Protein chains: 2
Amino acid sequence: MAVTHFKKGELYSFITGKASTAIARRLQKKFNEAGITITIEQWSVLYHLWKGDGASQQELCNATFRDKPSITRLVDNLEKLDLVKRVAHDKDRRINKIFLTKAAQALEEQTMVLAEETLNEALAGVSQQEVEMCKEVLQRVYDNLSG
Amino acid sequence: MAVTHFKKGELYSFITGKASTAIARRLQKKFNEAGITITIEQWSVLYHLWKGDGASQQELCNATFRDKPSITRLVDNLEKLDLVKRVAHDKDRRINKIFLTKAAQALEEQTMVLAEETLNEALAGVSQQEVEMCKEVLQRVYDNLSG
DNA sequence: GCCATATAGTTGTTTATGCAACTACTTAAA
DNA sequence: TTTAAGTAGTTGCATAAACAACTATATGGC
């Protein structure tokens, strides 16, 4: 039961997402330098809307692994920035469908270039095989804890 | 230059620390269930103090990958909870040395058991070799972005 | 139609992060 | 010894997260 797969001293680094926060910070910096005034969290919501406009807030929760209040407030802020609009669902008035504005559509290409650039910097000297392996293991970790 | 090691659709999961946040949430839940009223962030500071009392705030910044204001406020909150005490350095009065209280010392074993338990759950079905490989790759990613 | 239950979203509170600007203290050079 | 530059820590502000409690709408059994 107590057979651990890690050395005690390294326990901490596994719990904190050192690498992912470093990536997020780098990407945020690139946004700032490019004069793009959105946060990474806002970007992560737009990212899913670019894949398909008109998602409900609940769908955004699932897609971004956030809870409902977090999405409510992210959508609030994106609305203030005129990047998205809430539109009540025709048939079910509980549901808000979230649509991108022109301004948000214009951000897609620019930010995706910066995101790819960031990942290429992050993954310099890491083979594609290693990347796949890491992703697969991290997914397994996530699945282990989602029960 | 533009050779990417990832598929576009999977870009997002690499930027958000899905796995690490899932681990942190699970550990927090265990703390709550055990009646331990500290946050994971507070725990991460204590974690480094357990390895050696009397660190300066700057040392805690380096150890926990946080900036100075974050540590100031975490130490504020830990002080309110009577878990640490700031003690001015003898020779250099700019420096606060942070010391654990008895109450914090008592938390070490209990929380470490829960942390190991959490990691064992997270890493179920992951071989030690895979864990080492992941840690090594994530460290390389971190190093790539620390320049 | 009426009520219980479930679902979608919002609000309040506490804690944490990032950045910039600040104070206090130290050190080293003129 | 005075001053300039650097280091340690704090404060203000905006954004975000987690949790609980809430409103509003929908649905299914009676």
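Per chain, numbering begins at 1; letters A, B, ... match sequence-line order. The structure displayed is predicted, hence computed values, not measured ones.
Mapped onto DNA chain C by nearest heavy atom, B/Thr39 and A/Gln57 fall at different nucleotides, with A/Gln57 at the one closer to the 5' end. For the pair B/Gln58 and A/Lys91, both in contact range of DNA chain D, the more 5′-proximal nearest nucleotide belongs to B/Gln58. Of the two residues contacting DNA chain C, namely A/Ile71 and A/Gln28, the nearest-nucleotide position lying further toward the 5' end is that of A/Ile71.
Between C/dT11 and A/Thr72, no contact under 4.0 Å exists linking OP1 or OP2 to a side-chain N or O. Listed pair A/Thr21 / C/dT17 fails the phosphate criterion, with no side-chain N or O lying under 4.0 Å from OP1 or OP2. Contact annotation: A/Asn96 side-chain N/O to C/dT10 OP1/OP2 distance is under 4.0 Å.
Minimum atom distance to the side chain of B/Arg25 is reached by D/dA18, of the listed D/dG12, D/dA18, D/dA8. Checking C/dT17, D/dA18, C/dT15 against the side-chain heavy atoms of B/Gln42 singles out C/dT15 as nearest. Here the side chain of B/Arg93 is nearest to one of C/dT26, D/dA8, C/dT10, namely C/dT26.
Residue B/Ile95 contributes atom CD1, which lies 16 Å from atom C1' of C/dT23 at whole-angstrom precision. One atom, CD of A/Glu59, and another, C1' of C/dT7, lie 13 Å apart when rounded to the nearest Å. Spacing between atom CD1 of B/Ile40 and atom C1' of D/dA18 amounts to 12 Å, rounded to whole angstrom units. Taking atom CZ of residue A/Arg66 and atom C1' of nucleotide D/dC19, one finds them 17 Å apart after rounding to whole Å. Atom NZ in A/Lys68 sits roughly 17 Å away from atom P in C/dG12 (whole-Å rounding). Rounded to an integer number of Å, the gap from B/His89 NE2 to D/dG9 P is 10 Å. Residue B/Asn62 contributes atom CG, which lies 10 Å from atom P of D/dG9 at whole-angstrom precision. Atom-to-atom, CZ of A/Arg26 to P of C/dT17 comes out at 21 Å; the value is rounded to the nearest Å.
Within 4.0 Å of A/Asp67, counting heavy atoms only, lies at least one base atom of the nucleic acid. Residue B/Lys97 is classed as having no contact, given no heavy-atom separation below 4.0 Å to the nucleic acid.
Cluster partners of B/Val113 are absent, since no Ile, Leu, Val, Met, Phe, Trp or Tyr has side-chain heavy atoms less than 4.5 Å from it. Using a 4.5 Å cut-off between side-chain heavy atoms of Ile, Leu, Val, Met, Phe, Trp and Tyr, B/Val87 falls into a hydrophobic cluster with B/Phe99. Other residues sharing a hydrophobic cluster with A/Ile95 under the 4.5 Å side-chain heavy-atom criterion for ILVMFWY residues do not exist; the residue is a singleton.
Scanning residues 73-83 of chain A for heavy-atom distances under 4.0 Å to DNA chain D yields A/Arg73, A/Leu74, A/Asn77.
The pair B/Asp76-B/Arg86 meets the salt-bridge criterion, since a charged nitrogen lies less than 4.0 angstrom from a carboxylate oxygen. At a threshold of 4.0 Å, the pair A/Glu130-B/Arg140 counts as salt-bridged, since one of the basic side-chain nitrogens sits closer than that to a carboxylate oxygen. Ion pairing of B/Lys30 with B/Glu33 is absent here, as no side-chain N (NZ or NE/NH1/NH2) approaches a carboxylate O to less than 4.0 Å.
Scored by the side chain to side chain contact (heavy atoms under 4.5 Å, CB included) test, B/Ala106 finds no partners at all (sequence neighbours excluded). Contacts of A/Ala122 classified as side chain to side chain contact (heavy atoms under 4.5 Å, CB included), with partners at least two apart in sequence or in another chain: A/Ile23, B/Val141, B/Leu145.
For B/Arg94 and C/dT26, a side-chain-to-base donor-acceptor distance below 3.5 Å is absent, hydrogens and geometry of angles not being considered.
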